[in-house]
**Student:** 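First the structure, then my questions, so here it is.
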Amino acid sequence: MPVALELRNKTTTELEPVPPYNFDANLHKPSHFPSSGDIWEKGMYWMTMVWNGQELGLRFENIGTIYKPRVRINVYSPDKLSKEFIDNLIPEIRWRFNFELDISEFCDKFKSDKVLGPLIEKWEGMKPIAASSLYESLVIYIVLQNATVKRTVQMMENLYGNFGKKVKFDEKVLSSFWPPSQIAESTEQTLRDLKLGYRAKYILRISEQFSKGEIDEFALRQKGRDEIKKEMLKLYGIGPASVEYLLFEDFYFCGSIEKIPPWERKIMSRLLFNTELVPSEKIVKFFRKNYAGWEKLSFHYIWEDIFWKRKYEHIEWLENEIRL
DNA sequence: CATCAGGGCCCTG
DNA sequence: CAGGGCCCTGAT
């Protein structure tokens with residue numbers, strides 16, 4: 001493992017997300033698998049980012065409240081960054097951490113709801129957060145496929161170790177992503193040796209497409225849900241389950257649920273119906289009936305809440321559903 | 001020891 | 001449109 005790249009230069013800025021914005025519930029998603037690419041503590045968040053081919057370290061500090069949100073952001077880099085670079089970076093950060101989306105209507109509408117009310121009380125201002133580039137998200141969804149958490153983590157860390165870099169900033173050493181070309185110039189066998197299995201082909205092809213500039217993430221952000229869905233399904237290795245994640249977590253569409261993965265189905269059956277396993281349609285209908293227009297975001301509140309609980313207390317039945 | 005499912009997707013018939 | 005095959009790993 002090579003020594004970490006030192007990011008000695010620091011640029012600081014302060015930004016104001018659209019309220020309500022819940023710093024901790026947005027910068028940390030306890031349901032996600034652990035990664036060496038970021039660290040969360042209450043009120044503070046560190047992560048790596050590659051922007052215009054430049055490795056960066058980001059540190060977010062909460063200096064506001066839910067209703068008057070304000071975030072201090074340190075951008076760490078090997079050398080001093082130009083004003084142009086920073087001016088370019090800021091809107092991207094605003095997008096990736098979903099500073100712009102206004103969910104006040106959702107919070108107001110359901111704050112007295114029997115199920116959502118108490119959760120909005122706790123997590124008001126929680127939204128979907130991409131944090132990653134589209135390319136990086138696609139890689140993540142591919143290593144999630146047909147794998148347990150442990151295996152996903154293994155694949156992800158193998159990729160970081162082989163193609164990514166370690167960067168050091170603010171006393172933290174974190175893994176940073178690689179540019180798509182890095183994998184595009186690699187081989188399927190190299191990826192298979194990293195234990196990616198049949199996913200090797202998917203990641204290779206998608207890396208090639210991104211490296212050739214065939215996918216314009218910024219243009220996609222301007223398009224509607226159905227068009228994005230159609231475009232993403234064209235990608236080799238991206239099917240309905242991955243698209244379901246993409247539409248919500250990366251493009252921030254908070255409505256309609258179309259597909260529920262098996263483990264989410266089990267956990268939701270338990271939470272909503274106190275039954276071992278109900279049909280997916282029943283869960284979909286529940287959300288459509290009660291939270292039309294906000295189905296996915298509602299799901300998200302229920303989902304992350306149980307994983308927040310899991311951080312601090314042992315939940316026997318849940319442990320049995322999460323295969324490590 | 002063998003078998004199998006797991007936070008899917010592709011390909012074939 | 002259903003179903004087999006695919007990588008790897010740990011559980012049985």
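Just so we're on the same page: letters track the sequence lines, and every chain starts at 1.
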**Student:** Can you tell me the distance, in whole Å, between the CZ atom of A/Arg310 and the C1' atom of B/dG7?
**Tutor:**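 My rounded result for the distance is 13 Å.
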**Student:** Starting from C1' on B/dG7, measure out to CD1 on A/Ile267 and report it in whole angstrom.
**Tutor:**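 Distance check: A/Ile267 CD1 to B/dG7 C1' gives 9 Å.
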**Student:** For A/Lys29 and A/Phe307, run side chain to side chain contact (heavy atoms under 4.5 Å, CB included): C-alpha distance rounded to whole Å, both residues' side-chain angles, the deciding distance at 0.1 Å, then the answer.
**Tutor:** CA-CA 8 Å; A/Lys29 302 295 184 186; A/Phe307 282 88; over 6 Å; no
**Student:** Take atom CH2 of A/Trp303 and atom C1' of B/dG7, then tell me their distance rounded to the nearest Å.
**Tutor:**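 Taking CH2 of A/Trp303 and C1' of B/dG7, I get 8 Å after rounding.
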**Student:** Could you walk me through whether A/Ile228 and A/Arg225 pass side chain to side chain contact (heavy atoms under 4.5 Å, CB included), step by step?
**Tutor:** CA-CA 5 Å; A/Ile228 294 173; A/Arg225 186 181 181 282; 6.0 Å; no
**Student:** Take atom P in B/dT12 and the same atom in C/dC7, then report the distance between them in whole Å.
**Tutor:**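 Between the two P atoms, the distance is 14 Å.
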**Student:** Just the rounded figure in Å: distance from P of B/dG7 to CG of A/Leu277.
**Tutor:**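 Between P of B/dG7 and CG of A/Leu277: 13 Å.
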**Student:** In whole Å, what is the span from the CD1 atom of A/Ile203 to the C1' atom of B/dG8?
**Tutor:**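 One finds 13 Å between C1' of B/dG8 and CD1 of A/Ile203, rounded.
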**Student:** Using distance alone, with no hydrogens and no angle criterion, decide if A/Ser36 and A/Ser175 have a side-chain donor and acceptor under 3.5 Å apart.
**Tutor:**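 Looking only at side-chain atoms, A/Ser175 and A/Ser36 do form a donor-acceptor pair, the distance falling under 3.5 Å.
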**Student:** Give each protein N/O atom lying under 3.5 Å from an N/O atom of nucleotides 10-13 of chain B, with the pair distance.
**Tutor:**
unit_1: B/dC10; atom_1: OP1; unit_2: A/Gly237; atom_2: N; d: 2.7

**Student:** Can a side chain N or O of A/Ser242 be found less than 4.0 Å away from OP1 or OP2 on B/dC9?
**Tutor:**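 Affirmative; the distance criterion is met.
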**Student:** What interatomic distance, in whole Å, is found between P of C/dG4 and the corresponding atom of B/dC4?
**Tutor:**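 Comparing P positions in B/dC4 and C/dG4 gives a spacing of 12 Å.
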**Student:** Taking the six-membered ring for Trp, is the centroid-to-centroid distance between A/Tyr301 and A/Tyr291 below 6.0 Å?
**Tutor:**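 So the answer is no for these two rings.
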**Student:** Check whether A/Phe299 forms a cation-pi arrangement with A/Lys296 (NZ or CZ under 6.0 Å from the six-membered ring centre, at most 45° off the ring normal).
**Tutor:**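 Yes; both conditions hold, so A/Lys296 lies above the ring face of A/Phe299.
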**Student:** Please state how far atom CD in A/Gln145 lies from atom P in B/dG8, giving the value in whole angstrom units.
**Tutor:**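 After rounding, the reported distance stands at 8 Å.
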**Student:** Just the dot-bracket of DNA chain B, please: which string comes out with Watson-Crick or G-U pairs under 3.5 Å, [ ] for crossing, | for another strand?
**Tutor:** .|||||.||||||
**Student:** Could you write out each protein N or O paired with an N or O of nucleotides 9-11 of chain C at a distance under 3.5 Å?
**Tutor:**
unit_1: C/dT9; atom_1: OP1; unit_2: A/Gln154; atom_2: NE2; d: 3.3
unit_1: C/dT9; atom_1: OP1; unit_2: A/Lys195; atom_2: NZ; d: 3.2
unit_1: C/dG10; atom_1: OP1; unit_2: A/Lys150; atom_2: NZ; d: 3.2

**Student:** Is any side-chain heavy atom of A/Val167 closer than 4.5 Å to one of A/Tyr76?
**Tutor:**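 A side-chain contact under 4.5 Å is absent here.
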**Student:** What's A/Arg192 touching, base or sugar-phosphate or nothing? Going by heavy atoms closer than 4.0 Å.
**Tutor:**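 Sugar-phosphate, no base atom in range.
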**Student:** Tell me whether the side-chain N or O atoms of A/Tyr141 pair up with the base of B/dG8 as donor and acceptor below 3.5 Å, since no angle test is needed here.
**Tutor:**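 Side chain to base: no pair below 3.5 Å.
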**Student:** Among A/Phe23, A/Tyr252, A/Tyr21, A/Phe60, which one satisfies ring-ring contact (aromatic ring centres under 6.0 Å, His included) with A/Phe99?
**Tutor:**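 Between A/Phe99 and the candidates, ring-ring contact (aromatic ring centres under 6.0 Å, His included) is satisfied uniquely by A/Tyr21.
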**Student:** Using atom P in both nucleotides, what's the gap between C/dG10 and B/dC9 to the nearest angstrom?
**Tutor:**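 That atom pair is separated by 24 Å.
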**Student:** Look at atom OH of A/Tyr67 and say whether more than 12 heavy atoms of other residues, nucleotides or ligands are closer to it than 6.0 Å.
**Tutor:**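 Not buried by this count: 12 neighbours or fewer within 6.0 Å.
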**Student:** Are A/Trp123 and A/Trp303 an aromatic pair, judged by ring center distance below 6.0 Å?
**Tutor:**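 So the answer is no for these two rings.
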**Student:** For the CZ atom of A/Arg59 and the CE atom of A/Met44, what is their distance to the nearest 0.5 Å?
**Tutor:**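 Here the rounded value is 4.0 Å.
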**Student:** Would you kindly give the CG-to-P distance between A/Asp193 and C/dC8, to the nearest whole Å?
**Tutor:**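 So the CG-P distance, A/Asp193 to C/dC8, works out to 9 Å.
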**Student:** Hey, which of A/Asn146, A/Val139, A/Leu144 is the one that makes side chain to side chain contact (heavy atoms under 4.5 Å, CB included) with A/Arg199?
**Tutor:**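 Of all the options given, the one that passes is A/Asn146.
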**Student:** Can you see whether A/Gln154 engages A/Asn158 through a side-chain donor-acceptor pair at a distance of less than 3.5 angstrom?
**Tutor:**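 No, no side-chain donor-acceptor pair sits under 3.5 Å.
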**Student:** What is the distance from CE of A/Met232 to C1' of B/dG8, rounded to the nearest Å?
**Tutor:**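 So the CE-C1' distance, A/Met232 to B/dG8, works out to 17 Å.
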